[in-house]
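Written below as structure tokens is the structure these notes are about.
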Amino acid sequence: MSTVALKDVSKVWPDGTLAVDRVSLDVRDGEFLVLLGPSGCGKSTILRMIAGLEDPTAGDILLNGEPVLNMPPRDRKIAMVFQDFALYPHMTVGGNIGFPLKLSGIEPGPREERIGDVAGALGIGDVLGRRPGQLSGGQRQRVAMGRAIVRRPGLFLMDEPLSNLDSGLRAELRAEITGLTRELGVTTMYVTHDQAEALTMADRVAIMRKGVLQDIGTPTEVYGRPATLYVAAFLGSPRMNLLEASVYVHLDRYVALNLGEQALYLPWDDIRSRSLAHYHGERIVVGLRAEALTPVAPDTPGDVLRGRVRYLEHHGHESLAFLDVGATAIAVDELGKGVTEAAPSGGTLRKFGAALQRVTGRTEKAVLDRAETKTSVLNDPGRHQRRPAELAVRLAPYPAIAAGHPLAVGVRMDALHFFDEHGDRIDIGWR
Ligand code: ADP
């Protein structure tokens, strides 16, 4: 049983890379928390600091309420499973699983019993006598898990444990891992870059970007009410449609969201209109997931966007139409399209850089450099890279339309998301 608390934890590598930027996080006893983000965003560094393999540059880490920065890794009662786990090739499965018990001097009798229990729980009880070379990839991963849990750790740290396996096996092991950790009641922190893995496995998901914690919540919360534009764009398939909109308030009547050639209207008595009224005359980002859009007859009145199909993508169970509605797309970097970015404020970073300089006694140049890179998602210097939005719309498989055809889609106005130019959610503040 364990709780984990990170208090303003930062890690700057000696070369000046700011890998983790003031992350505060609480993991509850028995919780399955997934750290999600693209490669290089600092997820592994966080796990390694909790395990005691790296020291934070600033901040504190507590296990069960006790500061542990001065506690050696072996005393932290933590088990780690990595992507590139190494089994001892000359030992049997039973020998591999029981090795940590042997090291801690547990007698052969009770040791065999524990090995049998763990192997049974993992479904590898019938291969205890084999060597790793005689196992499938999935079985080897189960042995690595068995070796980690046999000591009954209080905290399980897993770093992309499934990423070397094929997709069928990954799906199967996902369910096994969550089932096992919940049965054992072990607090688990699980690192992945795969949003599907995060949304299916987690009690709560913590989403990271460039060392900064962007959002944390249950899968439903982070998907349904993403705190930032980045989280909105990262979660979901197809990706959320993100459009630039100018806001015009017609007092007591409606708030118009001008998307270029067309507009959407929020009635004045919609509670969100009051928040949006603050942006009168300004541009914001409107987010629409594919599930907020439904094809309708061309002459349907009301909340409808009309456009032409640019291209279609067939996925077997459904087809996606990408619709040009005369709006401008907002691209979020690191997601493959990248022209813009929303960085933390320069002032805060400069202050942080100065504080680090005091702590480490040297200028963390990279930290200071990054302080100068703040740009707005709406005023990016690569304005010429503005591109027409291709609105992803779900259709039945193989629909009777083709590229170039006109299409009208009804918009579920209650499912819109709004973000300001810094990529922060515009909300009525109940979260
Ligand atoms: P993730 O797990 O999200 O892929 P990491 O925590 O491994 O990210 O890395 C975060 C950042 O720190 C990256 O920019 C990476 O290159 C850098 N980094 C990781 N380990 C080291 C190290 N030992 N020395 C210098 N930089 C490192």
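By convention here, the first residue in the shown sequence is residue 1. Note that this is a predicted model, so its numbers are computed, not measured. Heavy-atom basis, side chains included; hydrogens, waters and symmetry copies ignored. As the structure lists them, so they are numbered: ligands from 1, and atoms in each ligand from 1.
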- [ ] Can you sort out the partners of Arg142 under salt bridge (charged side-chain N to carboxylate O under 4.0 Å, His left out), two or more places apart, ordered by chain and number?
- [x]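 For Arg142 the salt bridge (charged side-chain N to carboxylate O under 4.0 Å, His left out) partners, ignoring immediate neighbours, are Glu172, Glu176.
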
Open item on the list: So if I only count non-hydrogen atoms and take anything under 4.0 Å from ligand 1, which residues does that give, chain by chain?
Closed with: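 The answer is Trp13, Thr17, Ala19, Pro38, Ser39, Gly40, Cys41, Gly42, Lys43, Ser44, Thr45, counting any residue whose heavy atom sits under 4.0 Å from ligand 1.
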
Open item on the list: Donor-acceptor pair, distance only, cut-off 3.5 Å: does the side chain of Gln262 make one with the backbone of Gly326?
Closed with: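 Between the backbone of Gly326 and the side chain of Gln262 there is no qualifying donor-acceptor contact (under 3.5 Å).
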
Task: Pair Glu421 + Arg283: basic N to acidic O under 4.0 Å - done: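 Looking at Glu421 and Arg283, the cut-off is not met.
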
Task: Carboxylate-amine/guanidinium contact Asp427 Arg225, below 4.0 Å - done: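 Yes, this pair counts.
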
Open item on the list: Tell me which pairs pass side chain to side chain donor-acceptor pair (under 3.5 Å) where either residue lies in residues 97-108, with sequence neighbours left out.
Closed with: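 Applying side chain to side chain donor-acceptor pair (under 3.5 Å) to every pair that reaches into residues 97-108, excluding sequence neighbours, yields nothing.
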
Task: Partner residues of Thr228 under the side chain to side chain contact (heavy atoms under 4.5 Å, CB included) criterion, sequence neighbours left out - done: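 In terms of side chain to side chain contact (heavy atoms under 4.5 Å, CB included), with neighbours along the sequence ignored, Thr228 is linked to Gln214, Tyr230, Val231, Asp424.
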
